[in-house]
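Please read the structure below before turning to the comments.
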Amino acid sequence: MNFLHTKKFRHGSVSLALVVVIIAAVILLNAIFSTIVEKNQWYLDMTPEPVFTLSEKAKSLLTQVDESHEVTITFCDAKDAWMASAAQMEVLKTALDIEADFDNVKVEFIDIFINPSAVNDYKVRTGKDISPSTVIIKSGTEVRVHSLDEFFMLDSSSTSPTVKGYDGEYRFVSSILAVTRAEAPVLCVTNNHGEELPDPSLLNLMEGLGFEVQTIDLSKDEIPEDCRLILVFDPQTDFLEKQDGISDVSEIDKLEKFLYNSNSLLVFFDPETPVLPNLEQLLAEWGISISRQDDDNYMIQDLNNSLTTNGFTIKGNYETEGTGADITAQLREDRYPKPVVFPNATALEFSSLYTVRQDSGYKYGYYSTSGANTYRCCYKVFTSYEGAVANAAGEEIKTSTAEDPFSYMLLGCQTRGNADGTRTNSYVLAVSSTSFVTEGAMSTSYGNNAVLSYACNTMGTLVVPVDIDCKYYANSEIATITSKAANQFTVILTVVPTAIVFIAGIYVMVRRKYA
């Protein structure tokens, strides 16, 4: 008998054809599904926090960008390379989510190994190194260049920095807002009075808010015309006034002229700040003084409202009225407002030049300047709770009460009427703790970061504040599934289906044989 016509051959041919059809169908379905997944970004979020989903807060902030501003997010390597790493995939996913939701945002890829000249202009303009893990965000002539680690919150307290959380939403949103602005305001940091360099957390925040950060020596340099905010951080020597035989430059005059033109000043003090007569006279004219006993600054201790047992990492009490309260309005509207902490704080108070006024029980400082149609007010932003104690020179000086608390943050405001009927506003914000901006205090567990962001908004230096929390991981690894576990899952998902098909085939073959 011809073998080709036997029952066994016919059954085997059908089985072989069926196997070929099934394998082809599986390959085709896999290709189709992979294409759909990549196009629509259907990926499982394997992290403890939902870091892959673009938050409603991020979307809300980005909707404020004029759609006429085209934004390009450039990844400096091939797309496959960015999808090969868990960390890079997180960043890429956020960018693709933004592109999917906003028609004026485009994501592109430049392989700088093949085309290195494509990014030369960005190197020259920003002075930053550009590697395959760099992300460039640009709109028109404005550009921001970020390395991969800037999209993550790093714990730099140890010798080997570890990843604490994903901060990509904040980085993308703040950069897009910055590059789509009509102009990037300049922040000048004074550096010629023994100032300490502020913690990187503060300068990173300011850059994220859209400022171009520069240092300035007021004894030599003129304040740039596009400067909108000057930062004085823990000065150790006084600012110059014109004085025969000593100085023919007045730094105080420069600051006064700067503040006359709708600009702002941000000053940080602490219990160790020395007496600075010239600078303090300027601040007194804005309603702000450092609380002292003789020449010793107050050191505030509050055992009942501190994050540490020694009582020196103090929680501030939100002010609820006045212009100072405008800074914290959105924070206070949260169901559970975040604590705002003032580690190692001194105290501030209204200067003696100001009259304390009271409107409906709310007290603020008031001062009428000599200029026509110009007046200044000073408002509390954060105060102590009842029972906080002020120490000076090792002695207990004063205890705060509900009616007379210590001030941890004061906002001086000037309103000036112009000839055309418009008004010009200027601000001075004083903070009683230089540790207010350390990495720990600026974490998303506390409201310090958001307070400064909203303060800049209130002072008119920002288009919109960016208050997007970092999404912390449960552990320090970017990927929450280990390589060993991933291999185990791969083996299981490969072997188990194969075994099931093999057993089913044996069963069918046996049934047919004895049918």
Side-chain angles (χ1 to χ4, degrees), residues 40-41 50-76 82 90-110 119 121-122 125-126 128 134-148 150-151 166-187 204-213 226 228-229 262 264 326-327 329-331 333 444 449-450 452-471:
N40 295 282
Q41 296 298 305
V51 297
F52 277 163
T53 304
L54 193 64
S55 70
E56 291 303 317
K57 182 175 286 187
K59 292 179 183 179
S60 175
L61 289 167
L62 290 174
T63 56
Q64 300 178 41
V65 175
D66 190 327
E67 292 183 358
S68 64
H69 290 291
E70 297 290 335
V71 178
T72 303
I73 302 173
T74 303
F75 291 86
C76 295
W82 274 88
E90 288 191 82
V91 178
L92 174 60
K93 179 63 171 63
T94 302
L96 293 174
D97 281 348
I98 294 173
E99 180 187 44
D101 287 340
F102 297 92
D103 294 336
N104 60 323
V105 178
K106 176 187 175 184
V107 174
E108 67 176 18
F109 300 87
I110 296 176
V119 295
D121 182 52
Y122 304 123
R125 290 168 60 188
T126 66
K128 291 190 175 183
T134 297
V135 181
I136 301 170
I137 302 169
K138 64 179 183 291
S139 179
T141 60
E142 291 296 322
V143 62
R144 295 292 183 273
V145 174
H146 299 295
S147 59
L148 181 63
E150 292 181 65
F151 292 88
Y166 179 59
D167 211 17
E169 274 195 359
Y170 168 81
R171 187 62 58 195
F172 275 116
V173 172
S174 61
S175 295
I176 290 172
L177 292 177
V179 299
T180 54
R181 297 190 58 172
E183 60 178 9
V186 171
L187 163 67
N204 288 341
L205 170 67
M206 292 304 182
E207 288 181 344
L209 294 175
F211 286 104
E212 178 186 335
V213 178
D226 51 356
R228 296 292 174 267
L229 178 64
S262 191
S264 300
D326 292 344
I327 292 175
Q330 294 194 45
L331 286 169
E333 289 171 1
T444 55
N449 191 308
L452 290 178
S453 175
Y454 286 119
C456 289
N457 185 61
T458 298
M459 292 189 292
T461 55
L462 296 178
V463 175
V464 60
V466 180
D467 178 24
I468 298 177
D469 288 345
C470 171
K471 296 174 181 177

Do [X] and [Y] have side chains that get closer than 4.5 Å, going by heavy atoms?
{"X": "L205", "Y": "N449", "answer": "yes"}
{"X": "E207", "Y": "S174", "answer": "no"}
{"X": "E108", "Y": "T72", "answer": "yes"}
{"X": "T74", "Y": "V135", "answer": "no"}
{"X": "C76", "Y": "I136", "answer": "yes"}
{"X": "Y170", "Y": "T444", "answer": "no"}
{"X": "Y166", "Y": "T94", "answer": "yes"}
{"X": "L62", "Y": "I176", "answer": "yes"}

Checking [X] now: which residues fulfil side chain to side chain contact (heavy atoms under 4.5 Å, CB included) with it, not counting sequence neighbours?
{"X": "D103", "result": "none"}
{"X": "S262", "result": "T424"}
{"X": "D326", "result": "T323"}

Rounded distance [0.5 Å steps], [atom1] in [X] versus [atom2] in [Y]:
{"X": "E67", "Y": "T180", "atom1": "CD", "atom2": "OG1", "value": "12.0 Å"}
{"X": "S55", "Y": "D97", "atom1": "OG", "atom2": "CG", "value": "10.5 Å"}
{"X": "E90", "Y": "D167", "atom1": "CD", "atom2": "CG", "value": "11.5 Å"}

For the student: nearest non-hydrogen atoms of [X] and [Y], plus distance:
{"X": "V179", "Y": "R144", "result": "CG1-CG, 3.7 Å"}
{"X": "E150", "Y": "V145", "result": "OE2-O, 4.0 Å"}
{"X": "W82", "Y": "L148", "result": "CZ3-CD1, 4.1 Å"}

Under 3.5 Å, is there a donor-acceptor pair between the side chain of N104 and the main chain of H69?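 Yes, because the side chain of N104 sits within donor-acceptor range (under 3.5 Å) of the backbone of H69.
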Main-chain N/O of K106 paired to E99 side chain as donor or acceptor, under 3.5 Å: no
Stepwise side chain to side chain donor-acceptor pair (under 3.5 Å) check, H146 with S175: CA-CA 9 Å; H146 299 295; S175 295; 2.7 Å; yes
I'd like to know whether Y122 forms a side chain to side chain donor-acceptor pair (under 3.5 Å) with T134, so could you lay out the CA-CA distance, the side-chain angles of the two residues, the decisive distance to 0.1 Å, and finally the verdict. CA-CA 11 Å; Y122 304 123; T134 297; over 6 Å; no
Salt-bridge contact E169-K59 (side-chain N to carboxylate O under 4.0 Å):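 No, no charged N to carboxylate O under 4.0 Å.
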What orientation do F172 and F75 show, parallel under 30°, tilted 30 to 60°, or perpendicular over 60°? tilted
